[in-house]
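Inspection log for the structure reproduced underneath, given as structure tokens.
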Amino acid sequence: MNDTISKVREHYSSTNLTERIKSALATFTREGQRLTVDQLAPLDQFHTRGILATAELATAAGLDAATRVLDVGCGVGGPARYLASTFSCQVTGVDLSPGFIDAARYLTGRCELSDRVTFQVGDAVHLPFEDAAFDTVFLQHVAMNIEDRAALYAEVHRILTSGGRFVTYDVVLRDGDVVYPVPWARDGSTSFLLSEGDTRTALERAGFKVALWRVDTQTAPDWFKAAMAGSPPGGLNLGVVMGADFPALTGNLARNLRENRLGVLSAVLTRG
């Protein structure tokens with residue numbers, strides 16, 4: 001494992017994560033009681049605009065019960081559970097962090113979705129799947145941590161069926177220097193942001209054709225403002241997973257978006 005991957009894995013390593021999640025859940029439900037996707041949304045959607053963004057992109061991708069979906073960089077499994085619950089499709093989640101995968105399996109069991117959603121540890125640029133194994137791939141707020149963007153997109157292209165859909169939702173560079181730390185990186189050593197133009201060029205070189213392309217500079221900052229104002233202290237939120245300083249990291253991301261240093265790209269692409 002190279003040094004960069006080790007640093008990224010360390011950034012997302014949380015001690016006793018599953019036990020901490022259990023403790024947070026115990027404040028409003030007993031162990032063993034079934035949970036819903038909506039209940040967990042404040043805790044398990046690791047990206048700007050949360051479950052709303054996942055829902056919009058899933059609709060744009062045209063998912064149905066027959067779609068085989070891979071969620072790359074799945075975190076603790078929120079988007080994967082949403083897709084399986086909403087569209088009755090089979091979803092596989094892959095993440096670099098063993099702690100995230102353990103928590104994802106636990107939460108999926110609590111949602112009674114283990115028959116439709118599975119998880120495993122894996123590297124996004126060396127996916128442990130055969131060619132053309134999936135119909136749709138989701139990649140949400142993951143590419144910013146991957147230095148070899150060409151290898152990432154080539155690997156997604158490899159495991160997609162011909163005509164398959166690639167859904168990517170990531171942060172892109174705009175104007176000015178990025179203010180760190182942010183949710184995906186404490187500093188620039190593990191942050192590999194590209195501009196909108198360079199991202200599109202890399203995707204097209206990998207063999208993808210654009211079906212939907214949108215860069216948001218306003219809705220995301222508004223969402224952050226509302227989310228931070230409405231998040232009760234001690235409630236279910238990403239701080240349970242990412243630590244006590246998560247509000248500060250999120251605040252920096254909101255500032256970067258507000259000051260047009262960054263934008264949020266929503267894209268649906270077709271494999272050629």
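At least one side-chain heavy atom of T118 sits less than 4.5 Å from a side-chain heavy atom of T92. Side-chain contact between F138 and V91: absent, with no pair of heavy atoms (C-beta onward) separated by less than 4.5 Å. Within the 4.5 Å cutoff, the side chain of R271 has heavy atoms near those of the S162 side chain. Using a 4.5 Å heavy-atom threshold, the side chains of R49 and L52 count as touching. Between V69 and V137 there is no side-chain heavy-atom pair separated by less than 4.5 Å. Using a 4.5 Å heavy-atom cutoff, the side chains of L43 and I21 are in contact.
One distance of note links CD of E31 with NZ of K22; it measures 5.5 Å at 0.5 Å rounding. Note: L265 CG to D216 CG = 10.5 Å, rounded to the nearest 0.5 Å. Annotation: the span from S191 atom OG to W184 atom CH2 amounts to 5.5 Å, rounded to 0.5 Å. Here OG1 of T67 is found 9.5 Å from CG of L83. Values are rounded to the nearest 0.5 Å. Distance check, rounded to the nearest 0.5 Å: CZ of R105 to OG of S114 gives 10.0 Å. To the nearest 0.5 Å, the span separating CG on L40 from CD1 on I51 amounts to 9.5 Å.
H141 and Y169 have their aromatic ring centers within a separation under 6.0 angstrom. Ring-centre distance between F134 and F166: not below the 6.0 Å cut-off.
Listed here is the closest heavy atom pair of S85 and L113: CB-CD1, 4.2 Å. The shortest heavy-atom contact between F87 and A58 is CE1-CB, 3.5 Å. In plain terms, the two heavy atoms of G75 and D95 that are nearest each other are N-OD2, 2.9 Å. Smallest separation of non-hydrogen atoms from Q120 and P128: NE2-CG, 3.2 Å. V121 approaches L96 most closely through the heavy-atom pair CG1-O, 3.9 Å. Between A143 and L152, the closest heavy-atom pair is CB-CD2, 4.0 Å.
Side-chain heavy atoms closer than 4.5 Å link hydrophobic residues (I, L, V, M, F, W, Y) into clusters, and following such links, possibly through other members, connects L70 to L269. Under the 4.5 Å side-chain heavy-atom criterion for grouping Ile, Leu, Val, Met, Phe, Trp and Tyr, V178 is connected to M144 within one hydrophobic cluster. L57 and V172 are members of different hydrophobic clusters when ILVMFWY side chains are connected at heavy-atom separations under 4.5 Å. Residues V171 and L194 fall into different hydrophobic clusters, defined by Ile, Leu, Val, Met, Phe, Trp and Tyr side chains chained together at heavy-atom separations under 4.5 Å. V142 and V215 fall within the same hydrophobic cluster, defined by Ile, Leu, Val, Met, Phe, Trp and Tyr side-chain heavy atoms under 4.5 Å apart, directly or through other members.
Tested against F100, the residues F119, Y106, F46 include a single ring pair (Phe, Tyr, Trp, His ring centres under 6.0 Å) partner, F46. A side-chain hydrogen bond (donor to acceptor under 3.5 Å, both in side chains) with R81 is found for exactly one of T36, D44, T86, D71, namely D44.
A donor-acceptor contact shorter than 3.5 Å links the side chain of N252 to the backbone of P181. Side-chain atoms of D245 never come within 3.5 Å of backbone atoms of A248 as a donor-acceptor pair (strictly under, hydrogens ignored). Panel note: side chain D135, backbone R165; no donor-acceptor pair is recorded below 3.5 Å. A donor-acceptor contact shorter than 3.5 Å links the side chain of S23 to the backbone of E19. Between the side chain of T29 and the main chain of A26, no donor-acceptor pair closer than 3.5 Å is present. Under the 3.5 Å distance criterion, the side-chain polar atoms of R116 are matched with a main-chain donor or acceptor of A84. Under the 3.5 Å distance criterion, the side-chain polar atoms of R255 are left unmatched by any main-chain donor or acceptor of V179.
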Next item on the list: Could you check E155 against V72 for side-chain contact (heavy atoms from CB on, under 4.5 Å), going step by step and ending with a plain yes or no?
Entry: CA-CA 11 Å; E155 189 70 343; V72 179; over 6 Å; no
Item checked: side-chain hydrogen bond (donor to acceptor under 3.5 Å, both in side chains) between D187 and S189, intermediate numbers included -> CA-CA 6 Å; D187 55 46; S189 66; 2.5 Å; yes
Check: What do the steps show when you test L262 against L193 for side-chain contact (heavy atoms from CB on, under 4.5 Å), and what is the final call?
Finding: CA-CA 9 Å; L262 299 173; L193 294 158; 3.8 Å; yes
Check: Between F192 and D148, does a side-chain contact (heavy atoms from CB on, under 4.5 Å) hold up when you go through it step by step?
Finding: CA-CA 9 Å; F192 305 103; D148 193 344; over 6 Å; no
Check: What's the verdict on side-chain contact (heavy atoms from CB on, under 4.5 Å) for L253 and L257, showing C-alpha distance, side-chain angles and the deciding distance?
Finding: CA-CA 6 Å; L253 174 54; L257 292 167; 4.2 Å; yes
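Shown here is R30, whose CZ atom has no more than 12 heavy atoms of other residues, nucleotides or ligands within 6.0 Å.
With no hydrogens or angles considered, a side-chain donor-acceptor pair links T54 and Q140 at under 3.5 Å.
Note on residues 117-131: pairs passing salt bridge (Lys or Arg N to Asp or Glu O under 4.0 Å), not counting sequence neighbours, are D131-R158.
Looking at R149 and D170, no side-chain N of the basic residue comes within less than 4.0 Å of a carboxylate O on the acidic one, giving no salt bridge. A salt bridge does not link D175 to R261: none of the charged side-chain nitrogens sits closer than 4.0 Å to a carboxylate oxygen.
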Show me, pair by pair, the donor-acceptor contacts under 3.5 angstrom made by side chains of residues 196-214, not counting sequence neighbours?
| from | atom 1 | to | atom 2 | distance (Å) |
| --- | --- | --- | --- | --- |
| E196 | OE2 | W213 | NE1 | 2.9 |
| D198 | OD2 | S195 | OG | 3.4 |
| T199 | OG1 | S195 | O | 2.8 |
| R200 | NE | E204 | OE2 | 3.2 |
| T201 | OG1 | G197 | O | 3.0 |

